[in-house]
Amino acid sequence: MAEVCTYLNYINGQWTASSTGEVEASINPANKHEIIGYVQKSALPDLNQAVSSAKAMQKKWKKLSGNERGNYLLKAASILESRLDEIAETMTREMGKTLPEAKGETARGVAILRYYAGEGLRSIGDVIPSTDSEALMFTTRVPLGVIGVITPWNFPVAIPIWKMAPALIYGNTVVIKPATETAVTCAKIIECLAEAGLPAGVVNLVTGAGSVIGQGLADHPDVNGITFTGSNEVGKRIGQAALARGAKYQLEMGGKNPVIVANDADLNVAVEATLSGGLRSTGQKCTATSRVIVQSGVYDAFKEKLLQKVKEITVGDGMKDGIWMGPCANEGQLRTVLSYIEKGIQEGGTLLYGGRQPQGLGNGFFVEPTVFDNVTGNMTIAQEEIFGPVLALMKVETIEEALQLANDVVFGLSASIFTANIGNMLTFINEMDAGLVRINAESAGVELQAPFGGMKQSSSHSREQGRAAIEFFTSVKTVFVKA
Ligand SMILES: NC(=O)c1ccc[n+]([C@@H]2O[C@H](COP(=O)([O-])OP(=O)(O)OC[C@H]3O[C@@H](n4cnc5c(N)ncnc54)[C@H](O)[C@@H]3O)[C@@H](O)[C@H]2O)c1
Ligand SMILES: O=CCCC(=O)C(=O)O
């Protein structure tokens, strides 16, 4: 058994206990009796201190060259890499995804830090011809100031890093509030940044309730930008709070991601991708496949192959060898998934497989991989984000019908099609309302160098990652110079 530690806030370069003197336990969703660590249950005075230190430091931080800021990120990347196994294990024990997935995500965190370190040396503006032949006109970019970062539990390393790294490289300082479920993992990322020697105040960590610290960040007059990933309900509240005081905000929220399987698809590829995209990480990816829309010509064959594979899935503690799928990340999420399964049955879906808590795993928040048949577009399980290992099979005759069904939700994050037909591919690329469309590949899987974000209610229409991050974390300044 690993030692149970108490993790502190990180404010102005110091590891600091909360003014409340209270802590909260972060538990293992594979065994609710195991405590992974205690994190601070902070209050507004802690947040205010963190924001003041970030504000005080920002002017000095932005004066460093991009290359100097990048060197800190490179150092942090090497430290994170040297702690990869330990941090991945913490992630698995705190959030439940399997250890190989957690290792992959931690390696992704290292790569994101290195990518944004390189941004410190890339162009930040354009020279634009002026109508005045004696003038020089160009654009440059300036940081927003203090950035509030609010993150969910499902990618406890990748999401905090893909928000903090671009914020920092472009000259902002950061106050982060991670989800409490994965606050220990986040504290370890902050340890890497601290060990890299980032000046005091550049990065600050404050853990605590979303309604107190998250809302406090959204409302704080000295926080110039808020970047949020999480549920639609919370995201809308944050957007409204930021808008009300004129702060910039970026919201990345839910999805209800479809895959379309055409009559001419390679069914083995489509089945593997549906399995991986829908059920890896226990379906707790914003990009997870949730609706599987299959053309009638291959519906039965696809269903049979899928069921065969789903039955082979091993559910259990993600730390153990041979386990394919871990638990839901918390008890609330398990209850939500079970209630959607119940609703699916009540509304006339056919439960083909799963739907229950597996026997012998009662200490954790486990649910079986679940497949519904005969799902129609109006059912709740076809409309609302479940964020669990539940696949809804839907039969269609034509690709046009498939696209209509695929688009008939309020979300628009990611979507895939499996087909060999170039016409189908092009129609899908043109007609699918989603920020990420993938052909013959699973709906999950985001590349750090490409823009990522959703359409419709999946996002505030901003994009994260890749060079797109510069749009949120900086403001454009147009400069006109005349000698
Ligand atoms: N689009 C994406 O990139 C993406 C990525 C991951 C997760 N998600 C979404 O996140 C959701 C699951 O994550 P979750 O349960 O952690 O989401 P959540 O919205 O409950 O919490 C996200 C963060 O917001 C904080 N928070 C809660 N209430 C708050 C409030 N009133 N004010 C400010 N902050 C508050 C939480 O403490 C947490 O840090 C799913 O809907 C999923 O689709 C989206
Ligand atoms: O949960 C949202 C992020 C999804 C992601 O990073 C992926 O699919 O790889």
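Hydrogens, waters and symmetry mates play no part in the numbers below; they use all other heavy atoms, side chains included. Remember, it's 1-based here, ligands and their atoms both numbered in the order they're listed. Please read these numbers as outputs of a predicted model, since none were measured by experiment.
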>> Taking side chain to side chain contact (heavy atoms under 4.5 Å, CB included) as the criterion, tell me which of Val292, Val294, Ile293 meets it with Val259.
In response: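 Going through Val292, Val294, Ile293 one by one, the side chain to side chain contact (heavy atoms under 4.5 Å, CB included) with Val259 is satisfied by Val292 alone.
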Are any of the N/O atoms in [X] less than 3.5 Å from those in ligand 1?
| X | answer |
| --- | --- |
| Thr229 | no |
| Ser231 | yes |
| Trp162 | no |
| Glu385 | yes |
| Ile150 | no |
| Ser458 | no |

> Between Ile159 and ligand 1, which residue portion shows a heavy-atom distance shorter than 4.0 Å: side chain, backbone, both, or neither?
Replying inline: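 The side chain, only.
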Where ligand 1 meets [X] - atom numbers and elements under 4.0 angstrom, heavy-atom basis:
| X | value |
| --- | --- |
| Pro178 | 39 (O) |
| Gly254 | 43 (O) |
| Gly214 | 32 (N), 33 (C), 34 (N) |
| Ile238 | 33 (C), 34 (N) |

>> Looking at non-hydrogen atoms alone, which of Gly148, Gly235, Pro152, Gly208 comes nearest to atom 13 (O) of ligand 1?
In response: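 Shortest heavy-atom distance from atom 13 (O) of ligand 1: Pro152.
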If we only consider heavy atoms of [X], is any one of them less than 4.0 Å away from an atom in ligand 1?
| X | value |
| --- | --- |
| Phe155 | no |
| Ala218 | no |
| Thr287 | no |

> Considering residues at least two apart in sequence or located in another chain, which fulfil the side-chain contact (heavy atoms from CB on, under 4.5 Å) criterion with Thr92?
Replying inline: Leu99, Ala102, Met319
Please table the atom pairs, donor to acceptor, closer than 3.5 Å between any side-chain atom in residues 323-333 and protein atoms at least two apart or in another chain.
| residue | atom | partner | partner atom | Å |
| --- | --- | --- | --- | --- |
| Asn330 | OD1 | Gly332 | N | 3.2 |
| Asn330 | OD1 | Gln333 | N | 2.6 |
| Asn330 | ND2 | Glu181 | OE2 | 2.8 |
| Gln333 | NE2 | Ile386 | O | 3.4 |
| Gln333 | NE2 | Phe387 | O | 3.0 |

>> Could you identify the single nearest non-hydrogen protein atom to atom 37 (O) of ligand 1 and state the distance to 0.1 Å?
In response: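 Answer, as residue, atom name and distance: Lys177 NZ, 2.9 Å.
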> Does anything in residues 5-35 pair up under ring-ring contact (aromatic ring centres under 6.0 Å, His included), and if so which pairs, sequence neighbours excluded?
Replying inline: Tyr10-Trp15
>> Just to be sure I understand the cut-off, which residues have at least one non-hydrogen atom under 4.0 angstrom from an atom of ligand 2?
In response: Arg108, Asn154, Phe155, Trp162, Lys285, Cys286, Thr287, Ala444, Gly445, Val446
